[in-house]
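Note sheet for the following structure.
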Amino acid sequence: LNTTMLIDSGDGSDTATIVSYVKNLGFKQIDYFLITNYNSYRFGGASFINMKLDPQITYDRGAGTNTKLFLDYVQSINHRVGIGIDQTLTFDGVIVDVYPTFSSHGYYDEEYLNSLVVKFDYGSFDMLFMSDCVGDCEDNLDGRNVDADIMVAGLNGECSGTSLYL
């Protein structure tokens, strides 16, 4: 595999460590950067990632807020793609399904309900990243293929995170 993708940046406190790690792996830039939602602990370091790792494409859910953090993030992006409907990306034999969990009628007041859930499929191996999708948000995944060998639970794996029905 020669294609790189980073999901979320964290709150910014460890972003320099992320950049250093990626560069120590031999990558000067990343191909894809995906922001799962606009909670500061998910994308607080995104501007720094965009400046230091220069992703070819940055994916997010589209519309955002008028906060300084969000506006700085948008200004740091070279090529931005908003994902408002289910999308499938493919590279190096990996299929990446991105499922927006917000309503087709618009965004929710609670940011976690506006998450992008990401599923990687590589041959016989599947991995599901739930972002902050828990509770009511999970109901918005009905009808989508969320079966996976490994799941990174919503809300960072907290006990109040992803339900067992997934």
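The first residue of the sequence shown is numbered 1, and numbering continues consecutively from there.
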Subject >> Rounded distance (nearest 0.5 Å) linking atom OG1 of T101 with atom CE of M130 >> reply: 8.5 Å
**OP:** Following the transitive rule for hydrophobic clusters with a side-chain heavy-atom cut-off under 4.5 Å over Ile, Leu, Val, Met, Phe, Trp and Tyr, establish whether I57 and I85 coincide in one cluster.
**Re:** no
Subject >> Straight-line distance of L116 CG to D86 CG, nearest 0.5 Å >> reply: 10.0 Å
**OP:** Taking the side chain as every heavy atom from C-beta outward, state whether K23 and L53 have any atom pair closer than 4.5 Å.
**Re:** yes
Original post:
Any side-chain heavy atom of V22 sitting closer than 4.5 Å to one from I30?
Top reply: yes
Subject >> Side-chain donor-acceptor pair present, D11, S40, cut-off under 3.5 Å >> reply: no
**OP:** Go through the side-chain N and O atoms of N114 and N37 and say whether any donor and acceptor fall under 3.5 Å apart.
**Re:** no
Original post:
Can you find a heavy atom in the side chain of T58 that is under 4.5 Å from one in the side chain of P55?
Top reply: yes
Original post:
Does the side chain of Y21 come within less than 4.5 Å of N24's, by heavy atoms?
Top reply: no
Original post:
Parallel under 30°, tilted from 30 to 60°, perpendicular over 60°: which one fits the rings of Y38 and F70?
Top reply: perpendicular
Original post:
Would you say the side chains of N39 and E111 form a donor-acceptor pair under 3.5 Å?
Top reply: no
Original post:
Does a side chain donor of either N78 or D54 reach within less than 3.5 Å of an acceptor in the other side chain?
Top reply: yes
Original post:
Can you find a pair of side-chain heavy atoms, one from K52 and one from Q29, that are under 4.5 Å apart?
Top reply: no
**OP:** Please examine the side chains of I7 and T36, heavy atoms only from C-beta on, and report whether any two atoms are closer than 4.5 Å.
**Re:** yes
Original post:
Where do F120 and M5 land on the side chain to side chain contact (heavy atoms under 4.5 Å, CB included) test, with the steps shown first?
Top reply: CA-CA 11 Å; F120 288 89; M5 175 182 266; 3.5 Å; yes
Original post:
Checking side chain to side chain contact (heavy atoms under 4.5 Å, CB included) for the pair K119/V146: CA distance, chi angles, key distance, verdict?
Top reply: CA-CA 7 Å; K119 180 180 179 186; V146 293; 5.8 Å; no
Subject >> Check: S76/N50 side-chain N/O donor and acceptor closer than 3.5 Å >> reply: yes
Original post:
Would you call C137 and D132 a side-chain contact if the rule is heavy atoms closer than 4.5 Å?
Top reply: no
**OP:** Name all residues meeting the side chain to side chain contact (heavy atoms under 4.5 Å, CB included) criterion together with F125; count only those two or more places apart in sequence or in a different chain, and write none if there are none.
**Re:** M127, D149, I150
Original post:
Under the side chain to side chain contact (heavy atoms under 4.5 Å, CB included) test, which residues partner D121, sequence neighbours left out?
Top reply: I95, D126
**OP:** If the plane angle is over 60° it's perpendicular, under 30° parallel, otherwise tilted; pick one for Y107 and F102.
**Re:** tilted
Subject >> Shortest non-hydrogen separation from Y99 to N145 and the atoms involved >> reply: OH-O, 3.2 Å
**OP:** Would you kindly say whether D8 and Y41 are connected by a side-chain donor-acceptor distance under 3.5 Å?
**Re:** no
**OP:** Under the side chain to side chain contact (heavy atoms under 4.5 Å, CB included) rule, what do I35 and Y59 come out as? Steps first, then yes or no, please.
**Re:** CA-CA 6 Å; I35 300 297; Y59 294 97; over 6 Å; no
Subject >> Side-chain heavy-atom pair Y73, D60 within 4.5 angstrom cut-off >> reply: yes
**OP:** List the atom of N2, the atom of F27, and the distance in Å for their closest heavy-atom pair.
**Re:** O-CE2, 4.3 Å
Original post:
V19, M51: one ILVMFWY side-chain cluster at the under-4.5 Å cut-off?
Top reply: no
**OP:** State whether a side-chain donor-acceptor pair under 3.5 Å links D92 with T3.
**Re:** yes
**OP:** Might you point out which heavy atoms bring Q56 and H79 nearest each other, and give the distance in Å?
**Re:** O-CB, 3.3 Å
Original post:
Checking side chain to side chain contact (heavy atoms under 4.5 Å, CB included) for the pair S9/R42: CA distance, chi angles, key distance, verdict?
Top reply: CA-CA 6 Å; S9 66; R42 291 274 178 207; over 6 Å; no
Original post:
In Å and rounded to the nearest 0.5 Å, what is the CD to OG distance from E110 to S115?
Top reply: 11.5 Å
